[in-house]
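Numbers for residues simply follow the sequence, beginning at 1.
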Amino acid sequence: MARRIGIGFLLLLLVAVLIFLVGQRQIGERLYTRAVERNAGVDRVAEWPDGLHAYVCGSGSPMPDAQRAGPCIAVIAGQRAFIFDVGSGAIRKLQPLAFPMDRLDAAFLTHLHSDHFDSLGELMLQAWIAGQRDSPLPVYGPEGTDRVVAGFIEAYTIDRGFRIAHHGPEVARPGGFGAEARIIDAAGTAPHTVYQSDGVTIRAIRVDHRPVEPALAFRVEYAGRALVISGDTVRSEQLAQLARGADVLFHEALNPRMVGEIGTTLAERGNAAGAKIMADIPDYHTSPEDAARVAQKADVEALVLYHLVPPPPVSLIGPAFLGESGQHFDGRIELAKDGMLVSLSAREQSVLFDEML
């Protein structure tokens, strides 16, 4: 009797497997159709509360990490959207993050290290086609930004012709191709207002990333809320001044002990050039502890560490990366991940965190 029951069960299981295999294509097609209906052309951001919303579209650094794009913070302020730095792979994170490319008003570069702008060409393309622009994208940045922008325009000019010929000028609007460089002259130690429109104010200040000069940090203000993006810098009094009273500080972070361990291992294995790079980079970045000290002095509500060097491969390494940061800052400290969303509602003073990926 038990044997018959076992054989019957196996036959039923075999039939179920065969039905699944035969219907797998139909199941896949239905799932795909539902996903398209749920996402294509839907402005999910339209339902969000008025305020400041910041996406981490890239939390990584030049060090390889399959989970992290290069440095990128995208910000929605009311009806306007902005992108700060465009590291490798960052623009491809924006679509699943529901970023409204058609609202993109401008991009900002903190400095001209290639890992902070190497997706600028892709941003230009997406702003033009997906954003349906009629005029080039404004790109604000330090001296030299015009040369970088001109180089990407030259590189993409042949592609421009192909897309206009294929899609037509109604879709690939000729006047919307490319970008327009706007140089920020942030001389001195006081913040400079570099953008002001529709209740949004963006200020910039110089920070210390020598020998990279100039390097900038930015503060975005809207509806009584504020966030600050450090760019690359050593511990900076100017940055603490810029961040004073902000809700959130996005600050780069390098763990010297971890970087030193990589350098030592590379040297032991005969990679002198790699060891030299690991020895060089701590002197123009900020440790997690020093970033916490800046956040404490600025009296911000929350500190988000991004542009992580080295990138923690798993969450268990996070506390080791943070080190003694919690002893130097009374507020909330988070290690950024690609897809992190930080929301600052205009109606209340809370700082809300979510994950979009």
Side-chain angles (χ1 to χ4, degrees), residues 45 48-59 71-85 97 99 103 105-106 108 110 191-205 207 216-231 233 235-253 286 288 290-308 322 325-326 328-356:
V45 175
W48 293 2
D50 187 33
L52 278 175
H53 304 275
Y55 308 80
V56 178
C57 37
S59 59
C72 176
I73 306 292
V75 175
I76 297 176
Q79 294 301 308
R80 295 183 177 267
F82 310 91
I83 293 176
F84 294 83
D85 286 338
L97 291 177
F99 181 78
R103 295 192 207 170
D105 206 47
F108 294 80
T110 59
H192 293 250
T193 298
V194 297
Y195 177 98
Q196 203 160 31
S197 183
D198 284 356
V200 182
T201 299
I202 300 177
R203 308 182 197 279
I205 200 168
V207 290
L216 305 171
F218 293 98
R219 178 183 178 115
V220 185
E221 300 171 343
Y222 174 75
R225 310 304 301 270
L227 61 85
V228 173
I229 299 164
S230 73
T233 181
R235 179 179 174 183
S236 169
E237 294 300 315
Q238 287 87 350
L239 178 60
Q241 175 189 356
L242 182 71
R244 185 69 183 171
D247 297 283
V248 179
L249 170 60
F250 291 89
H251 202 301
E252 65 115 275
T286 306
D290 275 348
R293 292 183 177 98
V294 171
Q296 183 73 14
K297 184 166 186 178
D299 194 28
V300 301
E301 291 295 321
L303 170 65
V304 178
L305 299 179
Y306 81 116
H307 194 272
L308 305 176
L322 287 171
S325 303
H328 303 290
F329 177 53
D330 297 335
R332 179 172 179 173
I333 303 177
E334 292 285 343
L335 282 180
K337 300 178 182 177
D338 289 13
M340 175 183 284
L341 176 69
V342 183
S343 292
L344 310 173
S345 171
R347 295 195 297 266
E348 53 189 73
Q349 293 303 305
S350 60
V351 179
L352 300 179
F353 288 80
D354 198 358
E355 292 188 14
M356 299 286 288

Can you list the steps and then say if L344 with V248 is a side-chain contact (heavy atoms from CB on, under 4.5 Å)? CA-CA 9 Å; L344 310 173; V248 179; 3.9 Å; yes
What verdict does the side-chain contact (heavy atoms from CB on, under 4.5 Å) test give for F99 and I83, after you've listed the backbone C-alpha separation in whole Å, the side-chain angles of each residue and the deciding distance to 0.1 Å? CA-CA 10 Å; F99 181 78; I83 293 176; 4.0 Å; yes
Under a 3.5 Å distance rule, please check whether E355 uses its side chain to pair with a backbone N or O of G339 as donor and acceptor. no
Would you say the side-chain atoms of T286 pair up with the backbone N or O of T233, donor to acceptor, closer than 3.5 Å? yes
For F108, which of V75, I73, V194 qualifies under side chain to side chain contact (heavy atoms under 4.5 Å, CB included)? V194
Would you please say whether a donor-acceptor pair under 3.5 Å links the side chains of Y222 and D198? no
Shortest non-hydrogen pair, E252 vs G231, comes out as CG-O, 3.2 Å
Partners passing ring pair (Phe, Tyr, Trp, His ring centres under 6.0 Å) against H307 (at least two apart in sequence or in another chain): H116, H285
For a side-chain contact (heavy atoms from CB on, under 4.5 Å) check, start with the C-alpha distance between L227 and F84, then their side-chain angles and the critical distance, and finish with the verdict. CA-CA 12 Å; L227 61 85; F84 294 83; 5.8 Å; no
Got a donor-acceptor contact below 3.5 angstrom from the D105 side chain to the A81 backbone? no
Determine yes or no for a side-chain-to-main-chain donor-acceptor pair under 3.5 angstrom, with R332 supplying the side chain and E301 the backbone. no
Closest approach of A243 and L249, non-hydrogen atoms and distance? CB-CD1, 4.4 Å
For the side chain of R235 and the backbone of V294, is there at least one donor-acceptor N/O pair under 3.5 Å apart? no
Any non-hydrogen side-chain atom of V45 less than 4.5 Å from a side-chain atom of I76? yes
Over all atoms of both residues, closest heavy-atom pair of L52 and A77: CD2-CB, 3.5 Å
How about Y306 and S230: do any of their side-chain heavy atoms sit closer than 4.5 Å? yes
I need the M356 CE to K337 NZ distance, nearest 0.5 Å. 15.5 Å
Report yes or no: does R225 contribute a side-chain atom to a donor-acceptor pair with the main-chain N or O of E348 at less than 3.5 Å? yes
Hey, does V200 have a side-chain heavy atom less than 4.5 Å from the side chain of I202? yes
Side chains of Q296 and L303: does their closest heavy-atom pair fall under 4.5 Å? no
Mind running side-chain contact (heavy atoms from CB on, under 4.5 Å) on M340 and S59 for me, showing each step along the way? CA-CA 9 Å; M340 175 183 284; S59 59; over 6 Å; no
Answer yes if the ring centres of F82 and Y195 are under 6.0 angstrom apart, and no otherwise. yes
How many angstroms lie between CD1 in I229 and CG in L216, if you round to the nearest 0.5 Å? 12.0 Å
Starting at CG of L341, measure out to CG of L97 and round the result to the nearest 0.5 Å. 8.5 Å
Minimum heavy-atom distance G78-D50, with the two atoms named: CA-OD1, 3.6 Å
Would you say R219's side chain and R244's backbone share a donor-acceptor pair under 3.5 angstrom? yes
Where do S325 and A292 come nearest, in terms of heavy atoms and distance? O-CB, 3.4 Å
Can you give me the closest heavy-atom contact between V207 and S236, atom names plus distance? CG1-OG, 3.9 Å
Is the shortest side-chain heavy-atom distance between E334 and V342 below 4.5 Å? no
Would you say D85's side chain and T110's backbone share a donor-acceptor pair under 3.5 angstrom? yes
When K297 is tested against each of E237, Q241, H328 for side chain to side chain donor-acceptor pair (under 3.5 Å), which residue passes? E237
Any side-chain to backbone donor/acceptor pair from Q79 onto R103? Under 3.5 Å, distance only. no
